[in-house]
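Each remark here refers to the structure printed beneath this line.
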Amino acid sequence: MKIGIFGGTLNPIHFGHLRAAEEVREAFGLDKVLFVPSAFPPHKRKEDLESPFHRIEMTRIAIDGNPYFDYSDMEVRRGGFSYSVDTVEEVRKGLPDAEIHFILGVDAFFEIESWKDYRRFLSLCNFIIVTRPGYEKRSLGESLPLEVRGDFCYDSAKGCYGHTSGHCLNFSEVTLLDISSTEIRKRLKTGKSVKYLLPQKVEEYIKKNNLYKT
Ligand code: ATP
Ligand code: MG
């Protein structure tokens, strides 16, 4: 069983997340992609962060109908700050035989050094780094913190950067959708249309519950 983990604040989830996950799922033959909305993220101002309850509901609604997509409230259940390293370990505990692939955008990957236990985190599972508009794809040598560069070596047989742990780090070019939750929130705040940036049912949920107004 190959499982992808797609974390983030998902505030709200949008087509940039969904399409990247779908393309990665197909390209890497993943059996499941698990969307995991964070509780309280360590790197963000929390003022325009919608409640975990609503972010989970929007995620649930957004993935409805895709048999390969699932979601988990594990970070919200754990409470406090959400750390991906803990999430990977929790997924592993529940599915000891699964091959885990952590999916994240290059923008997030460029900041990996600030993540909790990032060196250990990078050793725990496979990684799939997806492209995102506005963030040029640098070589791994340039994007990896100095401290961990020696942990990776290009594996031409597998076509990925092999980690000393035996896991793989891949770069994956996905359809570049210049969509961000920040821009969606901005538009909602000023009463502008967010149509076609996120699933219609999520847009309806936002309107019905008066989210992102203030
Ligand atoms: P915000 O603007 O609030 O930061 P966001 O759109 O960046 O929101 P996040 O919840 O921060 O979304 O991101 C979750 C994950 O999805 C990250 O790994 C991020 O790199 C990735 N991601 C977000 N938007 C896109 C996109 N348009 N294309 C590819 N990856 C994306
Ligand atoms: Mg972001």
Side-chain angles (χ1 to χ4, degrees), residues 4-28 30 33-52 54-63 69 71-76 81-85 87-88 91 100-116 118 121-122 125-138 143 169-190 192 194 196-199 202-203 206 211-212 214:
I5 300 177
F6 198 106
T9 47
L10 308 180
N11 183 39
I13 191 165
H14 55 66
F15 283 136
H17 303 128
L18 294 161
R19 184 64 204 169
E22 177 67 1
E23 290 187 20
V24 161
R25 197 268 312 155
E26 191 171 49
F28 291 83
L30 305 182
V33 176
L34 197 62
F35 289 86
V36 188
S38 66
F40 179 73
H43 309 302
K44 298 228 171 166
R45 296 179 14 240
K46 62 171 182 191
E47 46 190 71
D48 59 355
L49 181 63
E50 202 34 83
S51 72
H54 284 311
R55 286 182 291 116
I56 286 173
E57 267 310 283
M58 291 187 280
T59 301
R60 188 184 63 73
I61 291 167
I63 66 175
F69 284 1
Y71 72 100
S72 168
D73 64 353
M74 64 173 67
E75 293 194 352
V76 174
F81 288 93
S82 296
Y83 297 111
S84 300
V85 64
T87 299
V88 168
V91 170
I100 299 176
H101 297 258
F102 195 91
I103 306 162
L104 73 170
V106 276
D107 60 311
F109 184 64
F110 289 162
E111 295 181 349
I112 197 81
E113 205 171 353
S114 64
W115 292 27
K116 183 189 163 198
Y118 86 98
F121 176 49
L122 287 171
C125 64
N126 303 286
F127 283 82
I128 303 171
I129 320 297
V130 299
T131 49
R132 188 171 183 182
Y135 298 87
E136 81 285 18
K137 191 184 137 190
R138 297 180 213 159
S143 42
L169 188 150
N170 278 284
F171 282 102
S172 184
E173 296 201 23
V174 298
T175 303
L176 294 173
L177 296 174
D178 198 0
I179 302 173
S180 71
S181 303
T182 300
E183 180 61 27
I184 289 173
R185 292 194 301 274
K186 248 191 234 162
R187 298 188 73 84
L188 287 165
K189 215 174 278 177
T190 52
K192 285 188 176 153
V194 294
Y196 313 123
L197 295 174
L198 74 182
V202 175
E203 187 191 341
I206 290 170
L211 308 184
Y212 305 111
T214 46

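Keep in mind the model is a prediction, meaning the values are calculated, not measured. Order of listing sets the numbers, starting from 1, for every ligand and every atom in it.
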_Considering both backbone and side-chain atoms of I179, is one of its nitrogen or oxygen atoms within less than 3.5 Å of a nitrogen or oxygen in ligand 1?_
yes

Ligand 1 atoms nearer than 4.0 angstrom to some heavy atom of G7 are 14 (C), 15 (C)

Anything under 30° is parallel, anything over 60° is perpendicular, the rest tilted; go ahead and classify F171 against F109.
-> perpendicular

Below 3.5 Å, N or O to N or O, backbone or side chain included: is there any such pair between A108 and ligand 1? no

Does any N/O atom on D107 come nearer than 3.5 Å to any N/O atom on ligand 1?
yes

- Query: Any side-chain donor-acceptor pair under 3.5 Å between S172 and E23?
  - Reply: no

One finds that the ligand 1 atoms under 4.0 Å from a non-hydrogen atom of S180 are 2 (O), 6 (O)

To the nearest 0.5 Å, atom CD of E113 lies from atom OH of Y118 at 4.5 Å

The atoms of ligand 1 lying under 4.0 Å from a heavy atom of L104, numbered in the order shown, are 18 (O)

In ligand 1, the atoms that come under 4.0 Å of a heavy atom of T182 are 1 (P), 2 (O), 3 (O)

Quick look: T131 vs ligand 1, heavy-atom contacts under 4.0 Å, and the answer is backbone

Applying side-chain hydrogen bond (donor to acceptor under 3.5 Å, both in side chains) to S143 and not counting sequence neighbours gives none

Exercise. What about L10: any of its N or O atoms under 3.5 Å from an N or O on ligand 1?
Worked result: yes

So the atoms of ligand 1 within less than 4.0 Å of a heavy atom of R185 turn out to be 3 (O)

Across all chains, not counting sequence neighbours, the side-chain contact (heavy atoms from CB on, under 4.5 Å) partners of P199 are F15, L18, A62, V202

- prompt: With a 4.5 Å heavy-atom cut-off, do Y212 and R187 have their side chains touching?
  reply: no

### Task
Could you tell me whether ligand 1 has any atom less than 4.0 Å away from a heavy atom of H14?
yes

Note: ligand 1 atoms sitting under 4.0 Å from heavy atoms of G8 are 10 (O), 14 (C)

Subject >> Side-chain heavy-atom pair L104, I129 within 4.5 angstrom cut-off >> reply: yes

Logged contact type for E183 with ligand 1, heavy-atom cut-off 4.0 Å, is neither

P52 and E75, any side-chain heavy atoms less than 4.5 Å apart: no

Interatomic distance, CZ@R19 vs CD1@I179, rounded to 0.5 Å, equals 11.5 Å

**Message:** I'd like to check whether L177 has a polar contact with ligand 1, where a contact means an N/O of the residue lying under 3.5 Å from an N/O of the ligand.
**Reply:** yes

Contact between F15 and ligand 1, counting heavy atoms under 4.0 Å? no

| task | Classify the ring geometry between F127 and F102 as parallel (under 30°), tilted (30 to 60°) or perpendicular (over 60°). | result | tilted

